[in-house]
Amino acid sequence: MGAPGAPGRKHADGGNMNITDVIKLLGGVAMFLFGMSLMGDSLKKVAGNKLELILYRLSGTPLRGILLGTGVTAVIQSSSATSVMVVGFVNSMMMKLRQALAVIMGAVVGTSITGWLICLSSVGGSGTSTVLELLNTENLSAIAAIAGILMRMICKKKALIHTGDILMGFAVLMFGMKTMSSAVSGLREDPGFVSFLTNFNNPFLGILMGFVFTAILQSASASVGILQALSSTGIMTFSETLPIILGIAIGASVPVILSGLGSSREGKRAAFSYPVIEILRVILFAAVFYGLNAFLHFSFMEDKVNMFSIALMNTLFRVSTVMVLAWFIPLIEKLMIRLVKGDPREEEETEDMNRLEERFLAYPTLAVEQTRLTMNKMAELTRKSIQTAMGMLDEYSAKAMQEVVSLEGIVDRYEDKIGSYLMRLTGQEMTETQNKAVSQYLRTITDLERISDHALNIAQRAEEIQEKKIRFSDKGEKEMEKLREAIGAITELTIECFLSNDTETAYRVEPLEQVIDVMCRRMREKHTARLQKGKCTIANGYVFNDLISDFERVSDHCSNIAIVQIELEDNALDVHEMSEALKQEHTHQFDFFFEEYSERYLKKKEETA
């Protein structure tokens, strides 16, 4: 590359690049990338949330997933963006890994569309027809820019304004492409550049170059576009270009991998499947192509490439390999499960969800029983979550915090899985008893999930106490300790009565819940009195009140679960009517249990604050 003032400074129709050409090249790259970004972002805004909904709802089969991935990527012009979107769906359990693999393969094909769009920049020129002359880069860019700016300035509707942005993005992209082509045209006679390109006759170096370049740009479309611009020099051959295109495919996986680092196990599997698919595609294509070339000695290997041949090469590579790998989606899914192993403990804790077999839906009696067994595991995990969270108030640890977070996520998954299964079960013909059981189970899983949510809140309060070194007053600490003891008792009673179908134990829960309500009310009153006397700070008071609220809500959800249990066994009234009946009619030794828990948790003599 010639320095300013060197003999290579000339660059009319040939010769080395000078500093001006380098600036033009970088400016062209900047405009090209900005145009792509503006056009893709504006297309997404015009589509609104429709693209995400389409991907989520219509990717049921591999073929539909591939077609949808291709279509969506053709619109937003980024396979990475489509794949990152899919990783989000898998991470939130809205999409299965097998569905995600099909969409990712479609995205791989869809990203080749940009290369054909860029080919428009080479249309026109001297000796072409009037129609083609109108379609050359300058005219297309000018027409798009004029239409785009008018739409932005005149239109009021957001959709039309975003459409104007699409046209402006297209104009900037095409202008950037033309600028890049103009800047590198002098390289055709640069011995250094020619020597540099000959290195890529070695496929491994070409693949490495394509990978590194795309990993930096984080866009396969941009990398192919810049490669097309370099082809305007007229000295790039097929043998030099193909390895770079293969490397570009692998390099495009970098942003997808980064998006999956903080995801769940399933999210990681979806994210890491992108580089696995790309590597498999490159190995497959390289093995077949270079294997055949070793025997047939293709005559076109040293032919010069242009924008159209690069777009065609890129498309054929992507389409052919996806057509082959699509048949192996189930095997790739198994490979990802082996490569990205889950936490053995988490696998064990979610194992019970496998009880909910779709085949059992045709047999409601069996399906209801399997649901009940799965709910038992959910209840045990909920109990473990609240116990761990309350233990953190005595001794905080990051490990315990992580365990509560993990348990909350697992309980959420149980609720989703059981809830979906029960909703599907309602479509079957069931007895009145089975219908009622399904209805009560739906309410119970909601209460269990809410208890795990409050356990996470309690753990976060414990973390705040640790970080801010908060200390309650001596009396406040004793009150909180007593409340925690009562919450431990009510959660134990509730989970045990649920696991053992023990109605008599369930009748003990509501009286204890009433005692806990009294405890919480008194604690708030005493806390207010301490604040007024300056014995407690407002900052500490926020955490104190938050804990009381969370404990009170846990108690309420325990009451709901116990009353549902009574309903199921005694064919009784609904939750609220049953709760009122227990309090007002004092049935099933309500007064006796209330007095027992009052003696245990409420002080007989009111203490001063």
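- For Val411 against Glu449, the heavy-atom pair with the smallest separation is CG1-CA, 3.8 Å.
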Is there a side-chain hydrogen bond (donor to acceptor under 3.5 Å, both in side chains) between Ser239 and Glu302 once you walk through the steps?
CA-CA 6 Å; Ser239 62; Glu302 298 307 316; 3.3 Å; yes

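- When all heavy atoms of Val404 and Leu456 are compared, the closest pair comes out as CG1-CA, 3.7 Å.
- Counting all heavy atoms, side chain and backbone alike, Ala249 lies closest to Arg281 at CB-NH2, 3.5 Å.
- In this structure, Lys304 places its NZ atom where more than 12 heavy-atom neighbours from other residues, nucleotides or ligands lie under 6.0 Å away.
- By the 6.0 Å contact criterion, CE on Met423 is open, its count of non-hydrogen atoms from other residues, nucleotides or ligands being 12 or less.
- Atoms CG and CG, from Leu335 and Leu101 in turn, are 10.0 Å apart once rounded to the nearest 0.5 Å.
- Residues Phe289 and Phe298 place their aromatic rings such that the two centres sit under 6.0 Å apart.
- Between Arg318 and Ala220, the shortest heavy-atom distance links the atoms NH2-CB, 3.9 Å.
- Within a 6.0 Å sphere centred on CZ of Phe204, heavy atoms belonging to other residues, nucleotides or ligands number 12 at most.
- At least one donor-acceptor pair closer than 3.5 Å links the side chain of Ser112 to the backbone N or O of Val109.
- Contact between Gly110 and Thr73 at its shortest, heavy atoms only, is C-CG2, 3.7 Å.
- Arg152 and Asp165 make their closest contact through NH1-OD1, 2.6 Å (heavy atoms, listed as atom of the first residue, atom of the second, distance).
- Looking only at distances, no side-chain donor or acceptor of Ser385 sits under 3.5 Å from a matching main-chain atom of Leu381.
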